[in-house]
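Here the structure comes first, spelled out in structure tokens, and everything after it is commentary.
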2 protein chains.
Amino acid sequence: MFTMKKEDPRSIRSRRMLKEAVFTLLAENEDVSQLTVQKITNRAELNRATFYLHYEDINDLLRQIVHEIFDELSKKVDPLLKIPRSNEHEQLVAFLDYIYEYRKLFAVLVEHKGFKTSLTNLLKKTIQARRDARGEDLPPNLVSLDIIGASLLGIIMWWVKDGIQFSSEYVAEQIARLYKKE
Amino acid sequence: MFTMKKEDPRSIRSRRMLKEAVFTLLAENEDVSQLTVQKITNRAELNRATFYLHYEDINDLLRQIVHEIFDELSKKVDPLLKIPRSNEHEQLVAFLDYIYEYRKLFAVLVEHKGFKTSLTNLLKKTIQARRDARGEDLPPNLVSLDIIGASLLGIIMWWVKDGIQFSSEYVAEQIARLYKKE
DNA sequence: CTATTTTATCGACATTCCGTCAATAAAACA
DNA sequence: TGTTTTATTGACGGAATGTCGATAAAATAG
């Protein structure tokens, strides 16, 4: 049996308040570089020193927020990877729909290095899974995973930041056209 | 005849020193977010207040540096666009070679919004020029300029930040494979 | 060439943010 | 309930910011 060491409810509440403060501030500010510990703790109605008990700095807090979002995103993506490739378009749209749902947050976090790395890794993992599923009918002149991951990241960054008027369906179709050899 | 209002040589020298200070600091720091006006003016051996006479803030200074680099880059790219498409590969390699030359600076500046916009516009302009040159044999299922620009930006960002061990030749070939329908 | 005007640079000030104390308050536990 | 543990807090020193008036250097007029 695991002896789960109980966490002080004050800590849990403080961390929740700090994260919520970041969410509301980002929704107003639109710019991650304008965040200060001062603003965050004011919004969370906590002392500034309390922040440093839970996080090393603002980047550390953002890192953890990113981690949690990716846990959730991975949980939604992983089952999709098990579906056969006939549904590739639906898979892609479902994935993009999730991003669209969090587009404002993504538009901010996509500037964060850890976020870019996590998202790229998820994309590469997904592409690799598809290639594995396809088996032997791989095209001979293969584009490397790095390149595909980087280009997909670029498209998603553009979409959430400057092209959010386009639907998931449109972006999915454009991506399909780009990568499909015909 | 234009009456060029002469600039105070002190101003010219100060701006030059401040820009050079940024270059040397970025070459050491590797991180644009760690720049401070303090550090820049210390390195430039100028008073901190002098900085604010010439630039609004650090972003303003970076904006102007970006602008100058793109003036230079555009001058190199524009002639290439006039060459017929048989030399597309050489054009792409020449373009990437220029980026490779400034890769350390690019790796830093590519985080800057103005830089991304400028680079994307240049890429889109280049792609459009090629499409125009090709005339009527355009593929029916065209990928939008926005999408191609965004994916190329993503690839270049990855290259200068995480994949600089790869040669211009390699990246050019991968890009060609990605966008060429066969 | 000298005197005057213009303006670039500088030292200093108030403000804000940062990171870290010891003191206090709240939760966990015996 | 009384004791131990730990989360929260106010306060302090240091650093960066943006903006003064004072000074020094360049441009200009006589």
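All figures in this text were calculated on a predicted structure; none of them were measured in a lab. Proteins come first, then strands; the chains are lettered A, B, ... in the order of their sequence lines, and each starts at number 1.
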Next item on the list: Determine, for nucleotides 1-17 of chain C in 5'-to-3' order, which nucleotides have protein heavy atoms under 4.0 Å from the base (write B), from only the sugar-phosphate (write S), or from neither (write -).
Entry: ------BSBBB-----S

Notebook entry, point to check: Side chains of A:H89 and A:E169: donor-acceptor distance under 3.5 Å anywhere?
Noted result: yes

Check: Quick one: side chain to side chain donor-acceptor pair (under 3.5 Å) partners of B:D8, sequence neighbours excluded?
Finding: B:R10

Checklist line | Nucleotides bounding contact with chain B, strand DNA chain D, heavy-atom threshold 4.0 Å | finding: D:dA16 to D:dA27

Checklist line | side-chain hydrogen bond (donor to acceptor under 3.5 Å, both in side chains) between A:H54 and A:D60, intermediate numbers included | finding: CA-CA 9 Å; A:H54 299 289; A:D60 184 33; over 6 Å; no

Margin query: To the closest 0.5 Å, what do you measure between NZ (B:K19) and OG (B:S14)?
Written below: 11.5 Å

Check: Which residue pairs pass the salt bridge (charged side-chain N to carboxylate O under 4.0 Å, His left out) test with at least one member in residues 31-54 of chain B, sequence neighbours excluded?
Finding: B:E28-B:R43

Check: Hey, mind stepping through B:S167 and B:Y100 against side-chain hydrogen bond (donor to acceptor under 3.5 Å, both in side chains) and telling me if it holds?
Finding: CA-CA 8 Å; B:S167 68; B:Y100 191 86; over 6 Å; no

Margin query: Under the salt bridge (charged side-chain N to carboxylate O under 4.0 Å, His left out) definition, can you give me all pairs with a residue in residues 92-105 of chain A, not counting sequence neighbours?
Written below: A:E30-A:K104

Notebook entry, point to check: So, are A:K116 and B:D162 salt-bridged, with charged N and O less than 4.0 Å apart?
Noted result: no

Next item on the list: Can you pull out how bent the helix from C:dC1-D:dG30 to C:dA30-D:dT1 is, comparing the axes over its first five and last five pairs, to 10°?
Entry: 10°

Check: Are B:Y102 and B:L92 connected, step by step, through hydrophobic side chains (Ile, Leu, Val, Met, Phe, Trp, Tyr) whose heavy atoms are closer than 4.5 Å?
Finding: yes

Item checked: Rounded distance [0.5 Å steps], CD in A:Q128 versus CD1 in A:I148 -> 10.0 Å

